[in-house]
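Since the structure comes first, as structure tokens, the remarks are kept for the end.
Within every chain, numbering begins at 1; the chains are lettered A, B, ... in the order of the sequence lines, protein sequences first and strands thereafter.
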There are 2 protein chains.
Amino acid sequence: MRLPLKTEYACQVLAQLASTYASGEVRQVEELAAAEHLSPNYLVQILTTLRQAGLVISRRGKNGGYLLARHPEDITLAEIAMALEGGALIESSPGNGGKSAERVRHAWVRVNEAMLQSCGSITLTELIPPRQPQDGADWVI
Amino acid sequence: MRLPLKTEYACQVLAQLASTYASGEVRQVEELAAAEHLSPNYLVQILTTLRQAGLVISRRGKNGGYLLARHPEDITLAEIAMALEGGALIESSPGNGGKSAERVRHAWVRVNEAMLQSCGSITLTELIPPRQPQDGADWVI
DNA sequence: TTTAAAGTTGCGTCGTTTACTAAGGTATTG
DNA sequence: CAATACCTTAGTAAACGACGCAACTTTAAA
């Protein structure tokens, strides 16, 4: 089971937004894309999904951009993954009518619940990147 | 993240084998496939993988078939899933070099470990289908 | 009020993976 | 040696994922 790239990217960009949450300033797509090595056009689609899920807020027009909708401590991996993929984290198939199908299905539903719990205990604050040493500053002698 | 059908089928066929583990008798592909509504040719591929992983034992030739390699209590969902998909249950991508990529990756590795633990606590005995009321017997008056 | 920066939306496409079929090969038994 | 049942590999069609592009809307600033 590969973790979808989209979900991973979503975590990355949310980590970026979390790192500047305190300032209250918006971040623009171009800058976010550059920081996380993503295509701006693709990142927009991810941000749209996150906005519809209520995890980020957007401002349109000139000087627009994105910012986190809540405190980083209140956003978990579970919420992020559920926003990107609908329904469940681990989704088992409709079932093929086999004699053991129903039992197997139920077992994986339990696994999904366990996973929801563990993903629900990891928050965005744990993903905030270490502060860069004066990123764009030219203090060099 | 959809659970691969292959993994689900593997659980189903192993549940079948578990239900007759006590008898020590082998089960043939045709019968197993019929019980779980699968294509025999496809099921063989799954069983081959399970054999290579040491979860089932096969006997070739006439009166051949498959049987569980260990007691059902000693086979977990974690082993089954790991046998089908290599490496990890939740596999995150190589990383794209973004500023938060490494941290995000590490978080999902932790999720994978938690999931391994929960999958490791569900054994085949929980998947054994309820005993059929005299399946093929014609005791009717 | 004009203009340009920025988000919004939907479609298209290309490559990979998945699920499955088919056919020929190999081992075991009577 | 013939029948039976497992073994292996190649091939394929459909679905999915990961984007790219282009036209549209909103809004701040000049």
Side-chain angles (χ1 to χ4, degrees), chain A residues 1-13 17 25-34 36-53 55-69 81 84-87 91-98 101, chain B residues 1-13 17 25-34 36-53 55-67 69 81 84-87 91-96 98 101:
Chain A
M1 278 185 290
R2 218 176 82 262
L3 181 72
L5 275 178
K6 224 171 191 172
T7 303
E8 206 162 334
Y9 294 161
C11 293
Q12 290 181 226
V13 73
L17 291 177
E25 291 166 4
V26 300
R27 307 275 298 274
Q28 301 185 351
V29 171
E30 291 284 345
E31 182 231 342
L32 292 169
E36 296 300 335
H37 292 187
L38 300 172
S39 140
N41 273 328
Y42 189 36
L43 181 55
V44 161
Q45 299 178 27
I46 297 173
L47 283 166
T48 298
T49 304
L50 292 175
R51 179 178 53 80
Q52 289 166 346
L55 295 181
V56 302
I57 293 173
S58 69
R59 274 224 300 269
R60 302 178 70 159
K62 212 169 181 179
N63 293 341
Y66 292 88
L67 49 84
L68 226 51
L84 274 282
E85 325 161 20
E91 194 168 9
S92 81
S93 311
N96 63 347
Chain B
M1 278 186 289
R2 217 178 81 262
L3 181 71
L5 276 178
K6 224 172 191 170
T7 303
E8 206 161 334
Y9 294 161
C11 292
Q12 291 183 223
V13 72
L17 292 177
E25 290 166 4
V26 300
R27 307 275 298 275
Q28 299 185 352
V29 171
E30 292 284 345
E31 181 231 343
L32 291 170
E36 296 300 336
H37 292 185
L38 300 172
S39 140
N41 269 330
Y42 188 35
L43 181 54
V44 160
Q45 299 178 25
I46 296 173
L47 283 165
T48 298
T49 304
L50 292 175
R51 178 178 52 81
Q52 290 166 345
L55 295 181
V56 303
I57 292 173
S58 71
R59 275 224 297 271
R60 301 179 72 157
K62 208 168 181 180
N63 295 339
Y66 291 89
L67 49 84
L84 273 284
E85 325 161 19
E91 194 168 9
S92 83
S93 312
N96 63 347

Under the 3.5 angstrom rule, does the side chain of B/Glu8 hit a backbone N or O of A/Ser93 as a donor-acceptor pair? yes
Rounded to whole Å, the CD1-P distance (B/Ile46 to D/dC6) equals 15 Å
Rounded interatomic separation in angstrom, taking CG from B/Leu38 and C1' from C/dC20: 11 Å
Side-chain N or O of A/Ser39 closer than 4.0 Å to phosphate OP1/OP2 of D/dG20: yes
Integer-rounded Å distance: D/dC7 C1' and B/Ile57 CD1: 17 Å
Take atom CG of A/Asn96 and atom P of C/dA19, then tell me their distance rounded to the nearest Å. 12 Å
Who pairs with B/Ser58 by side chain to side chain donor-acceptor pair (under 3.5 Å), at least two apart in sequence or on another chain? none
Using whole Å, report how far CZ of A/Arg2 lies from P of D/dG17. 9 Å
Once each nucleotide of nucleotides 5-14 of chain C is scored for protein heavy atoms under 4.0 Å, what B/S/- sequence comes out, 5' to 3'? BSBBB-----
Does the side chain of B/Val29 come within less than 4.5 Å of B/Tyr66's, by heavy atoms? yes
Look only at the side chain of B/Glu85 and the backbone of A/Met1, and say whether a donor-acceptor pair between them is shorter than 3.5 Å. yes
To the nearest Å, how far apart are B/Glu31 CD and D/dC6 C1'? 15 Å
Heavy-atom donor-acceptor pair, A/Asn96 side chain to B/Glu36 backbone, under 3.5 Å: yes
Whole-Å distance separating the CG atom of B/Leu5 from the P atom of D/dA15: 13 Å
Name of the residue among B/Thr48, B/Leu50, B/Val44 meeting side chain to side chain contact (heavy atoms under 4.5 Å, CB included) with B/Ile46: B/Leu50
Using whole Å, what does the distance between atom P of nucleotide D/dG17 and atom CE of A/Met1 come to? 14 Å
Check whether any side-chain N or O of A/Tyr9 sits under 4.0 Å from OP1 or OP2 of D/dC19, and answer yes or no. yes
